[in-house]
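Notes for the one structure printed next.
Below, all heavy atoms of this structure are taken into account, side chains as well, without hydrogens, waters or symmetry copies. The first residue in the sequence is number 1, and the count goes up from there.
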Amino acid sequence: LRSNLSDMAAMGAEPRWFTLALTLPAADPAWLQAFSEGLARESTHWKVDLVGGDTTAGDLCISIQMMGVVRDTLLRRSGAQPGDLVVVTGTLGDAAAYIVALSRDDLPTEAFAERFWYPQPRIGFARAAAPMVHAACDISDGLVADLGHICRASSLSARVELETLPLSPELRQHFGARAVELALSGGDDYELCLAVAPEHFDALQQLAQQHGLSLTAVGQLAEGSGVSCIGADQASYQPPAGYLHFS
């Protein structure tokens, strides 16, 4: 539900309703009770209503479709302009760090579990910020992959400065140099990636603070195509591609 809500935030929308297609291998009353209570708790918290769907037999699959409304400014991926700053909310890489930590005895899963299991869709901030934003997407597949969506839709290129990436102290401590890779390509952050005119950045930072968020400029958009990542020594860095849905 929260990952779908993040898609609403990326469009500056107010989420209202959702449908649920639930496929189950068996009708387990205890599982259904826990699942229903959890879904009801989340939908109440985020003020969205379940309005329909379907239940079928088969391998476990939970599919949610979210619907909402846009009152003023609709955010798209296609509106970025040359010279826009690439701006992100929050910190990046912590959710992906949880997946890595699950398979490593020397890494603490508890430091990153909250970010993976309970992403925070930035709905309120996105709706307030929308008039100052040229283009947006949420970061679900990794910063490089999702910024690439903005670049393709807007027919632009992007340059990301690695030294500016917002990394949590825990990520730096436990992953060292690999923290940059997780921030660029790990995915599941559900933060926002925005294309913003430089003259609006200060106002957006103040707005973010009002919503309890950090906001970081990590690069800039220009003529051309593709996403390049540049280190402090001006050397080019080629991160993994990020999550590819059909590879």
Are the side chains of Trp31 and Leu60 in touch, meaning some heavy atoms are under 4.5 Å apart? yes
Would you mind reporting whether Val86 and Leu147 have side-chain heavy atoms less than 4.5 Å apart? yes
When you compare the side chain of Val100 with that of Arg178, does any pair of heavy atoms fall below 4.5 Å? yes
Closer than 3.5 angstrom, by distance alone: can the side chain of Ser185 be matched with the main-chain N or O of Leu182 as a donor-acceptor pair? no
Quick one: does Gln120's side chain have a donor or acceptor within less than 3.5 Å of a partner on Tyr118's backbone? yes
Ala101 and Leu107 have their tightest heavy-atom pair at CB-CB, 3.9 Å
Main-chain N/O of Asp146 paired with Asp141 side-chain donor or acceptor, under 3.5 Å: no
Can you sort out the partners of Glu170 under salt bridge (Lys or Arg N to Asp or Glu O under 4.0 Å), two or more places apart, ordered by chain and number? none
Which atoms form the tightest heavy-atom contact between Leu215 and Ala208, and what is the distance? CB-CB, 4.0 Å
For residues Phe112 and His174, report the shortest heavy-atom separation together with the two atoms involved. CZ-CD2, 4.2 Å
Salt bridge (charged side-chain N to carboxylate O under 4.0 Å, His left out) contacts touching residues 71-94 (sequence neighbours left out): Glu14-Arg71, Asp94-Arg115
Can you see which heavy atom on Asn4 is nearest to which on Ile64, and at what distance? OD1-O, 3.0 Å
For the pair Ser168 (side chain) and Thr91 (backbone), establish whether a donor and an acceptor sit closer than 3.5 Å, ignoring hydrogens and angles. no
Out of curiosity, does Leu5 fall in the hydrophobic cluster containing Leu194 (side-chain heavy atoms, cut-off under 4.5 Å, transitive links)? no
Quick one, Leu143 and Asp189 - any side-chain contact, counting heavy atoms below 4.5 Å? no
Would you tell me whether Gln206 and Gln210 have side-chain atoms, one donor and one acceptor, within less than 3.5 Å of each other? no
Please table the atom pairs, donor to acceptor, closer than 3.5 Å between any side-chain atom in residues 219-230 and protein atoms at least two apart or in another chain.
from: Gln220; atom 1: NE2; to: Gly83; atom 2: O; distance (Å): 2.9
from: Ser228; atom 1: OG; to: Ala158; atom 2: O; distance (Å): 3.4

Closest approach of Thr109 to Tyr98 (non-hydrogen atoms, all atoms of both residues): O-CD1, 3.5 Å
How close do His134 and Ala197 get, counting heavy atoms only, and between which atoms? CE1-CB, 3.9 Å
Side-chain contact test, heavy atoms from C-beta onward, threshold under 4.5 Å: evaluate it for Leu1 versus Met66 and give yes or no. yes
Rounded to the nearest 0.5 Å, how far apart are CG of Leu85 and OG1 of Thr216? 11.5 Å
Side-chain donor/acceptor of Ser43 to backbone N/O of Ala40, under 3.5 Å: yes
